[in-house]
Amino acid sequence: MELRSLGATGLRVTPIGLGLAALGRPGYITLDREKDLGNDRSVSALERRSHEVLSAAYDGGIRYFDAARSYGFAERFLASWLRERALPPKAVTVGSKWGYTYVGDWQVDARVHEVKDHSLAALRRQIEESRALLGEYLDLYQIHSATLESGVLDDHAVLAELNILRASGLKIGISVSGPRQADVIRRALAVTIDGVNPFQSVQATWNLLEPSAGPALAEAHDAGWGVIIKEALGNGRLADRDQEAIAAALANPWVDIVLSGAVTGDQLRSNDRALDRQLSRDELAKLANVAEPAERYWQERSALPWT
């Protein structure tokens, strides 16, 4: 798999990366988890599963891996796999996120799975937690699902702290979610703190059903930001056409990475084969017809059960 630059960050990545949202915790909103994972959701079982999929990804050429503090034990599983494989830090590029805390107590039916906190205290606590696990492997640290409502893009103290982290050599990014993704991206592009915009990348949902962030992502790309696409399969709604859906995301000239959310080696290898799909203009135009209004898409996503 080819190596490419993540925008102007200098980080080397592959066009497909592996996201660990569905591997690091027993419950998530991806469809068909019962079939894919079975009944054994113990910590040891999911760590083994994570290692299997991480190895399938690495052996298939993937070199970007994406975690978050709120993805259960995703950072821990990734760290143990990196040690087991004895990979040097420069062999892979690792991103993680801060801003949500996992509180599900390893229960699929937990009443609350994660708690949002974009405060300075949360940033300082979670960067130390991430570094304790990932150490020098950690390359990119992203605000997790920033919104206009949370006020994080107007928080001088948080933005100044992100600038300090950036000056230390860590790349700083932002992830977005919800029907106003484009607004958040454009607001982030306009941020300046002490004359510097701390952000160097953006991670957003873009898929055949929900492509509304596309123009704003193109603007981010033009500004030199790296662009990472998550949920290209719509949390499983597009799983039966995974290669087509991932190929459509990769066809956007402003995309650097499309994340696979695979939880089995077979799923991962099927996702990888999207690289062999070259969609024509006519095919892409036809696929564009399946798009839904953004508000409806996000309402349906918010109703998905944790399973």
Clusters formed by hydrophobic residues whose side-chain heavy atoms approach within less than 4.5 Å: which one holds V196, and what are its other members?
none

Salt bridge flag under 4.0 Å for residues E2 and R4:
yes

Using the benzene-type ring in the case of Trp, are the ring centres of W98 and H144 under 6.0 Å apart?
no

Taking all non-hydrogen atoms of both residues into account, name the closest pair between I246 and L233 and its distance.
CG1-CD2, 4.0 Å

Is the side chain of S42 donor-acceptor paired with the backbone N or O of A45 at a distance under 3.5 Å, no angle test?
yes

Show which residues join Y71 in its hydrophobic cluster (side-chain heavy-atom contacts under 4.5 Å, direct or indirect), or state none.
none

Kindly work out whether a path of hydrophobic side-chain contacts (I/L/V/M/F/W/Y, heavy atoms less than 4.5 Å apart) joins Y100 to I174.
no

Is a donor on one side and an acceptor on the other found under 3.5 Å between the side chain of R166 and the backbone of N197?
yes

Donor-acceptor pair, side chain of R269 and main chain of A56, under 3.5 angstrom
no

Tell me whether E136 at atom CD has more than 12 heavy atoms from other residues, nucleotides or ligands lying less than 6.0 Å away.
no

Please determine whether side-chain contact (heavy atoms from CB on, under 4.5 Å) holds for the pair V158 and H118, giving the CA-CA distance in whole Å, both sets of side-chain angles, and the decisive distance to 0.1 Å.
CA-CA 8 Å; V158 167; H118 283 160; over 6 Å; no

Is there side-chain contact between L54 and F65, with at least one heavy-atom pair below 4.5 Å?
yes

Closest contact, heavy atoms only, L217 versus A204
CD2-CB, 3.9 Å

Ignoring hydrogens and geometry, is there a side-chain-to-backbone donor-acceptor pair from Q107 to H113 under 3.5 Å?
no

Test question: given the 4.5 Å side-chain rule for I, L, V, M, F, W and Y, name all other residues clustered with V103, or answer none.
V112, V115

Check this for me: does any side-chain nitrogen of one of E129 and R125 sit under 4.0 Å from a carboxylate oxygen of the other?
yes

Are the side chains of L148 and R187 in contact, using a 4.5 Å heavy-atom criterion?
yes

What I want to check is whether the side chains of Y141 and S130 have a donor and an acceptor closer together than 3.5 Å.
yes

Counting N and O atoms only, with roles assigned by atom type, does the side chain of D117 sit under 3.5 Å from a partner on the main chain of A122, one being a donor and the other an acceptor?
no

For residues 25-41, the salt bridge (Lys or Arg N to Asp or Glu O under 4.0 Å) pairs (sequence neighbours left out) are R25-E114

Nearest heavy atoms of L279 and A248, plus distance in Å:
CD1-N, 3.6 Å

Test side-chain contact (heavy atoms from CB on, under 4.5 Å) applied to V290 and L238, step by step:
CA-CA 11 Å; V290 306; L238 296 167; 5.6 Å; no

Tell me yes or no: between the side chains of K230 and T205, is some donor less than 3.5 Å from an acceptor?
yes

Does atom NZ (K116) have a neighbourhood of more than 12 heavy atoms from anything else shown, all under 6.0 Å?
yes

Would you find a donor on one side and an acceptor on the other, under 3.5 Å apart, between the side chain of E161 and the backbone of R124?
no

Taking atom CD of Q181 and atom CH2 of W206, what is their separation to the nearest 0.5 Å?
12.0 Å

Under a single-linkage rule joining Ile, Leu, Val, Met, Phe, Trp and Tyr whose side-chain heavy atoms are separated by less than 4.5 Å, which residues share a cluster with I228?
L6, L11, V13, Y64, L140, I257, L259

With rounding to the nearest 0.5 Å, note down the distance linking CD1 in I229 to CG in L250.
9.5 Å

Taking atom OG of S44 and atom CZ of R49, what is their separation to the nearest 0.5 Å?
12.5 Å

Are side-chain heavy atoms of I185 and E219 found at a separation under 4.5 Å?
no

Less than 4.5 Å apart, any side-chain heavy atom of R180 and any of T147?
no

Hey, could you give me each pair passing salt bridge (Lys or Arg N to Asp or Glu O under 4.0 Å) that has a residue in residues 80-95? Not counting sequence neighbours.
D59-R85

According to a 4.5 Å side-chain heavy-atom criterion applied to Ile, Leu, Val, Met, Phe, Trp and Tyr, with indirect links allowed, do L37 and L18 form part of one hydrophobic cluster?
yes

Can you find a heavy atom in the side chain of Q142 that is under 4.5 Å from one in the side chain of S96?
no

Could you tell me whether the side chain of S168 and the main chain of L165 form a donor-acceptor pair under 3.5 Å?
yes

Give the minimum heavy-atom separation between D256 and G226, together with the two atoms involved.
OD2-CA, 3.2 Å

Could you point out which residue of E292, E231, E210 forms a salt bridge (charged side-chain N to carboxylate O under 4.0 Å, His left out) with R237?
E292

N271 side chain to D242 backbone, donor-acceptor under 3.5 Å:
no

With clusters defined by side-chain heavy atoms of hydrophobic residues (ILVMFWY) lying less than 4.5 Å apart, directly or transitively, does L23 cluster with I29?
no

State, without any angle test, whether D282 and S280 hold a side-chain donor-acceptor pair at a distance under 3.5 Å.
no

On a heavy-atom basis, which atom in A67 and which in A74 lie closest, and how many Å separate them?
CB-CB, 4.2 Å

Would you say the side-chain atoms of K171 pair up with the backbone N or O of T9, donor to acceptor, closer than 3.5 Å?
yes

Please check if the side chain of T14 supplies one atom and the backbone of R63 the other of a donor-acceptor pair under 3.5 Å.
yes

List the steps and the verdict of side-chain contact (heavy atoms from CB on, under 4.5 Å) for F73 and Y102.
CA-CA 9 Å; F73 291 159; Y102 177 68; 5.6 Å; no

Could you walk me through whether W106 and L46 pass the side-chain contact (heavy atoms from CB on, under 4.5 Å) check?
CA-CA 11 Å; W106 212 257; L46 281 184; 3.6 Å; yes

Co-membership, hydrophobic cluster, residues L153 and L120, 4.5 Å side-chain:
yes

I need the L284 CG to N252 CG distance, nearest 0.5 Å.
8.0 Å

Could you grab the distance from atom CD of Q267 to atom CG of D272, nearest 0.5 Å is fine?
12.0 Å

Heavy-atom side-chain contact between F199 and L162 under 4.5 Å
yes

For D66, is there an ion pair with K97 - N to carboxylate O distance below 4.0 angstrom?
yes

Can you measure from CG (L20) to OG (S260) and round to the nearest 0.5 angstrom?
10.0 Å

Shortest non-hydrogen contact from G99 to Q126?
N-OE1, 2.7 Å

Side chains of S50 and W81: donor-acceptor distance under 3.5 Å anywhere?
no

With clusters defined by side-chain heavy atoms of hydrophobic residues (ILVMFWY) lying less than 4.5 Å apart, directly or transitively, does V152 cluster with I193?
yes

Is the number of heavy atoms from other residues, nucleotides or ligands under 6.0 Å of N39 CG greater than 12?
no

Going by heavy atoms in the side chains, are L170 and L138 under 4.5 Å from each other?
yes

Flag the pair R131 / Y137 as yes when at least one side-chain heavy-atom distance between them is below 4.5 Å, and no otherwise.
no

